[in-house]
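Down below is the structure, laid out as structure tokens.
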Amino acid sequence: MAGFNKVVSSYEEALAGLEDNMTVIAGGFGLCGIPEGLIIEIKHKGTTGLTVVSNNCGVDGFGLGILLEDKQIKKMVASYVGENALFEQQLLNGELEVELTPQGTLAEKMRAGGAGIPAFYTATGVGTVVAEGKDIKQFDGRDYVLEPSIVGDFAIVKAWKADRFGNCVYRHTAMNFNPMAATAGKITVVEAEEIVEPGELEPSQIHTPGIYVQRVIKGQFEKRIEKRTVRGA
């Protein structure tokens, strides 16, 4: 792969091969560090029947929330409903299947999937509805629930900087779920604020090695604030 240029020039090319009924893993936390342009492209493609794995589903009218408007998402695997009224409405109306997953467990499902680990045991969720129907084993006198890992047909992530080889650096809290999501896609697409030449990124500072990435595109980001709090004059 040395010298292989993974940069694509259009969002259409970036998401080529995405089809109905696929599983998409999306990085981001709320509206922080989300691949905005790639989500908009999925909206434009009109792809339906999707299973989307992400910490939450954006907000009404922005982020992953726009995919709910035309019911492109069949199933959402997430930690919480968040500030999304349409998500709540579709869930309560039975129009959207939702698998609520503890946040740390969700992160580990992605990480384990990317590491080739099919399942793992965790104490989180034992004795709750999260553990219903799942295998329970005891280790050192404590119960643990078996959780399957997650691998997506596509993973879409947002980076601060990426080079042409697909090496990525995330910025501060925008890192969140992006590194785990990037490892867990059969095809991983990175939307970056800036694309640099190989060698410009300090090797010790790279968060996602390019071996996990198939495509890179330069994006333009609105970076909307989910809940603005200001001090009175």
Side-chain angles (χ1 to χ4, degrees), residues 1-29 31-55 57-58 62-70 72-74 76 110 113-114 150-171 174-198 200-201 206-224:
M1 296 294 288
F4 190 77
N5 186 356
K6 299 178 181 180
V7 177
V8 296
S9 58
S10 70
Y11 282 100
E12 183 178 17
E13 188 178 358
L15 289 177
L18 179 64
E19 299 177 354
D20 293 350
N21 304 311
M22 283 187 167
T23 295
V24 177
I25 300 176
F29 186 105
L31 300 183
C32 178
I34 65 172
E36 299 171 22
L38 292 171
I39 295 169
I40 292 171
E41 176 62 19
I42 295 175
K43 170 80 169 178
H44 290 164
K45 283 172 69 71
T47 315
T48 61
L50 295 173
T51 295
V52 175
V53 182
S54 190
N55 183 62
C57 199
F62 194 73
L64 289 171
I66 65 175
L67 302 183
L68 295 173
E69 296 169 353
D70 295 322
Q72 291 174 263
I73 301 176
K74 175 183 67 177
M76 190 74 207
M110 296 180 192
I150 294 175
V151 175
D153 298 292
F154 272 75
I156 56 173
V157 302
K158 190 258 184 179
W160 177 39
K161 293 182 180 181
D163 65 21
R164 289 189 290 106
F165 292 174
N167 298 303
C168 298
V169 175
Y170 309 103
R171 183 171 171 80
M175 178 183 290
N176 52 64
F177 279 77
N178 280 301
M180 291 78 75
T183 68
K186 296 176 184 176
I187 296 175
T188 293
V189 187
V190 172
E191 185 176 14
E193 293 185 41
E194 182 181 351
I195 297 176
V196 302
E197 289 301 310
E200 290 188 42
L201 299 178
I206 289 171
H207 297 125
T208 294
I211 190 66
Y212 290 109
V213 176
Q214 281 69 48
R215 301 168 193 168
V216 178
I217 188 167
K218 187 178 186 304
Q220 298 292 328
F221 300 92
E222 181 180 340
K223 296 185 181 180
R224 189 182 300 187

With D163, which residues qualify under side chain to side chain donor-acceptor pair (under 3.5 Å), at least two apart?
N167
Can you tell me how far the CG atom of N55 sits from the SG atom of C32, to the nearest 0.5 Å?
11.0 Å
Rounded distance (nearest 0.5 Å) linking atom CG of L201 with atom CZ of F165
11.0 Å
Applying side chain to side chain donor-acceptor pair (under 3.5 Å) to Q220 and not counting sequence neighbours gives none
State which residue, out of V24, T23, I187, I25, fulfils the side-chain contact (heavy atoms from CB on, under 4.5 Å) condition with D153.
T23
Return the CD to NZ distance between E200 and K161, rounded to the nearest 0.5 Å.
8.0 Å
Under the rule for side chain to side chain contact (heavy atoms under 4.5 Å, CB included), what residues qualify as partners of V151, not counting sequence neighbours?
K186
Can you tell me how far NZ of K6 sits from CD1 of I195, rounded to the nearest 0.5 angstrom?
13.0 Å
Could you go through the side-chain contact (heavy atoms from CB on, under 4.5 Å) check for N178 and H207 one step at a time?
CA-CA 10 Å; N178 280 301; H207 297 125; over 6 Å; no
Rounding to 0.5 Å, atoms OG (S54) and CG (L64) come to a distance of 5.0 Å
Indicate every side-chain donor-acceptor pair of residues 34-53 with a distance under 3.5 Å to a residue at least two apart or in another chain.
unit_1, atom_1, unit_2, atom_2, d
E36, OE1, E222, N, 2.8
E36, OE2, K223, N, 3.0
K43, NZ, I66, O, 3.2
K43, NZ, E69, OE1, 3.0
K43, NZ, D70, OD2, 3.0

Polar side-chain atom of T188 near backbone of A155 as donor-acceptor pair, under 3.5 Å:
no
Between CE of M180 and CD1 of I150, what distance do you get to the nearest 0.5 Å?
11.5 Å
Side chain to side chain contact (heavy atoms under 4.5 Å, CB included) with E19: which residues, sequence neighbours excluded?
M22
Nearest non-hydrogen partners of C57 and I73, listed with the distance:
SG-CD1, 3.9 Å
Run the side-chain donor-acceptor check on residues 10-17: report pairs under 3.5 Å with partners two or more places apart or on a different chain.
unit_1, atom_1, unit_2, atom_2, d
S10, OG, E13, N, 3.1
Y11, OH, E191, OE2, 2.5

In chain order, what residues pass the side chain to side chain contact (heavy atoms under 4.5 Å, CB included) check against A159, with sequence neighbours excluded?
C168, Y170, V190, A192
